[in-house]
Amino acid sequence: MGFRVSQDNYALEVFESMNQIEDMRSSLLNWFKLNGRHWIPWKVKSDGNVPKIQEKLPVYPIWVAEVMLQQTQLKVVLPYWEKWMRTFPILPDFAHALDHEVLLLWQGLGYYSRAHRMHQASKKLLDIIGHADSLDPDSWPSDIDSWIALPGIGRNTAASIISSAFNVPASLLDGNVKRILARLIGSKKILSKDSARLWKLSDLLLDNHEPRNFNQALMDLGSTVCTIKSPKCCCCPWKKYCLAYHQGNPTEFPIKGPKKLLPDFVIGIGLIFNDLGEILIAQRKSNQSMGGMWEFPGGKQEEGESIEYTIIRELQEELGIKVRVGNILLEFDHSYTHKKLHFVVYFCELISGVPKPLASLQLKWVKSHELVNYPFPAANKKMISALKKYLLLSKDSEAL
DNA sequence: TAAGCGTGGGG
DNA sequence: TCCCCAAGCTT
């Protein structure tokens, strides 16, 4: 027993003694007992009780949750996780599911490559587990390297999974922990260039006897006390050790690099109906971003081009058809992580040609009530709700 | 190493 | 309304 990193000089730079580190661990764990979020559904047993220290938890629900939680807030994940567990209660259900079903469940969560990678990982895990009972935690890998080897699982997610499920000592460095540690040592480095040091620090602090509780305590502290905007230092079990607290400037940490400004584009979209009243949708190629998701056809406006011409040109290039641009349905802004788009959506009339999937996986003509059966990214969801409103109104006016 | 990748919550 | 950014991973 003892500390794995006790010989690390960095420990002596940051802390006075190993006794201090012990004290930090116990004060955090005591805080957690009283103030932790002990209700998170994948971190309690099926009877709702908190697991004992050495008790193992079902791995599949934890793995699903941890992937959903990548760059995504707990509050957003909860309803998705619940629906997921109702749809695919055990690993084989998920591993045998169609990509289409998986994307439908993921729709709205963002970062859709997570869903694809998790689906690939599900098949590998099913292989690893073989004929053993997938509900038994002992059937699953409990070492960090096996998890990191799976698609979509990095060091942080792997550590989170094995410490949660098996109480295996593995330190975390997610957004919460980075913020806490950067404040603790008053790091003057830009956060993105400080991760090696923060990983060491997280490793040094980890309680090797209760890693599950310690890790969860850190994340709960980050999300309820050591918050980004207005940290509640009064209630923090680590305030006496925290340099930023003593300096009185916790919100100045962590230090971020210069923000880059996002490129702007205008996107023209064409809504095309056939004689049956069906609308044309296209499935994105799997090597594109948002691969496998469906969308309405269209594309980027070029320099000096009217938006109507953009739509005519894009539908010619991507579908091999000629269209006449009719009335506008709506326009709106939609920002991604790395670009800002302004969508302009027009009704179009097919003049000649048969649509072909020249730039997509496949095309489909669907009734408007069938759109719910296809996964769409958020920007297209906005178009769908505007279209439904429009169709309802035009139906009403016909009735008059 | 730094850029690419979605979305919705919150100030 | 606008901006920041979250339980990050991959290339």
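What you are looking at is a predicted structure, and each value in this text was computed from that prediction instead of being measured. Every chain is numbered from 1 and lettered A, B, ... according to where its sequence line falls, protein lines coming before strand lines.
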- Item | Between B:dG6 (P) and A:Phe376 (CZ): distance, integer Å | 17 Å
- Item | Toward the 5' end of DNA chain C, by each residue's nearest nucleotide, A:Ile40 or A:Ile153 | A:Ile40
- Query: For A:Lys381 and B:dT7, is the shortest distance between a side-chain N/O and OP1 or OP2 below 4.0 Å?
  - Reply: no
- Distance under 6.0 Å and angle within 45° of ring axis: A:Arg155 vs A:Trp199: yes
- How many Å lie between OH on A:Tyr111 and P on C:dT11, as a whole number? 15 Å
- Distance between P atoms of C:dA7 and B:dA2 (Å, rounded): 23 Å
- Query: When the distance from CD1 of A:Ile148 to C1' of C:dG8 is rounded to whole Å, what number comes out?
  - Reply: 13 Å
- Kindly point out which of C:dC9, B:dG6, C:dA7 is positioned nearest to the side chain of A:Gln70? C:dC9
- Item | Nearest-angstrom distance, P atom, B:dG6 to C:dT11 | 14 Å
- Message: What's A:Gly222 touching, base or sugar-phosphate or nothing? Going by heavy atoms closer than 4.0 Å.
- Response: nothing
- Checking all strands, does A:His116 fall into the base, sugar-phosphate, or nothing category for heavy-atom contacts under 4.0 angstrom? nothing
- Task: Without swapping roles, check the side chain of A:Asn274 against the backbone of A:Leu350 for a donor-acceptor pair under 3.5 Å.
- Result: no
- Message: Restricting to side-chain contact (heavy atoms from CB on, under 4.5 Å), what partner residues turn up for A:Lys189, sequence neighbours left out?
- Response: A:Ser187, A:Asp194, A:Arg197
- Can you sort out the partners of A:Phe332 under ring pair (Phe, Tyr, Trp, His ring centres under 6.0 Å), two or more places apart, ordered by chain and number? A:Phe343
Between the protein and nucleotides 1-5 of chain C, which nitrogen or oxygen pairs are less than 3.5 angstrom apart?
from  : atom 1 : to       : atom 2 : distance (Å)
C:dC4 : OP1    : A:Lys259 : NZ     : 3.1

- Query: For the pair made of CE in A:Met68 and C1' in B:dT7, what is the distance, rounded to whole Å?
  - Reply: 14 Å
- Contact list for residues 221-234 of chain A, test side chain to side chain donor-acceptor pair (under 3.5 Å), sequence neighbours left out: A:Arg37-A:Ser223
- With sequence neighbours excluded, residues passing side-chain contact (heavy atoms from CB on, under 4.5 Å) with A:Phe32: A:His38, A:Asn213, A:Gln216, A:Ala217, A:Asp220
Distance-only check: which donor-acceptor pairs under 3.5 Å involve side-chain atoms of residues 255-270 of chain A, not counting sequence neighbours?
none

- Task: Apply side-chain contact (heavy atoms from CB on, under 4.5 Å) to A:Pro377 and list each qualifying residue two or more places apart in sequence or on a separate chain.
- Result: A:Met290, A:Met293, A:Asn380
- Output yes when at least one side-chain N/O atom of A:Asn156 is less than 4.0 Å from OP1 or OP2 of C:dA7, else no. no
- Within the modelled atom types, does a donor on one side and an acceptor on the other bring the side chain of A:Arg37 and the base of C:dA7 under 3.5 Å apart? yes
- Task: Round to a whole Å and report the spacing from NZ of A:Lys339 to P of B:dG6.
- Result: 9 Å
- Task: Round to the nearest Å and state the distance from A:Met118 atom CE to C:dT10 atom P.
- Result: 13 Å
- Is it true that A:Lys364 and A:Glu370 make a salt bridge, defined as a side-chain N closer than 4.0 Å to a carboxylate O? no
- Let me know the distance between CG of A:Leu198 and C1' of C:dA7, rounded to the nearest Å. 16 Å
- Task: Give, ordered by number, those residues of residues 283-297 of chain A having at least one heavy-atom distance below 4.0 Å to an atom of DNA chain B; if nothing qualifies, reply none.
- Result: A:Ser289, A:Met290
Distances under 3.5 Å between nitrogen or oxygen atoms of protein and nucleotides 2-4 of chain B:
from  : atom 1 : to       : atom 2 : distance (Å)
B:dA2 : OP1    : A:Lys193 : NZ     : 3.2

- Item | Separation of atom CG in A:Leu341 from atom P in B:dG6, rounded to whole Å | 12 Å
- Sequence-distant partners of A:Trp31, ring pair (Phe, Tyr, Trp, His ring centres under 6.0 Å), two or more places apart: none
- Task: Please determine which of A:Trp106, A:Tyr112, A:Trp294, A:Phe296 meets the ring pair (Phe, Tyr, Trp, His ring centres under 6.0 Å) test together with A:Phe376.
- Result: A:Phe296
- All pairs passing side chain to side chain donor-acceptor pair (under 3.5 Å) where residues 323-333 of chain A contributes a residue, at least two apart: A:Arg324-A:Glu349, A:Glu331-A:His342, A:Asp333-A:His342
- Distance test, side-chain N/O of A:His334 to OP1/OP2 of B:dT7, below 4.0 Å: yes
- By side-chain contact (heavy atoms from CB on, under 4.5 Å) - contacts of A:Lys240 (at least two apart): A:Asp23
- Note on the structure: Closest to the side chain of A:Thr157, out of C:dA7, B:dT7, C:dG8, is C:dG8
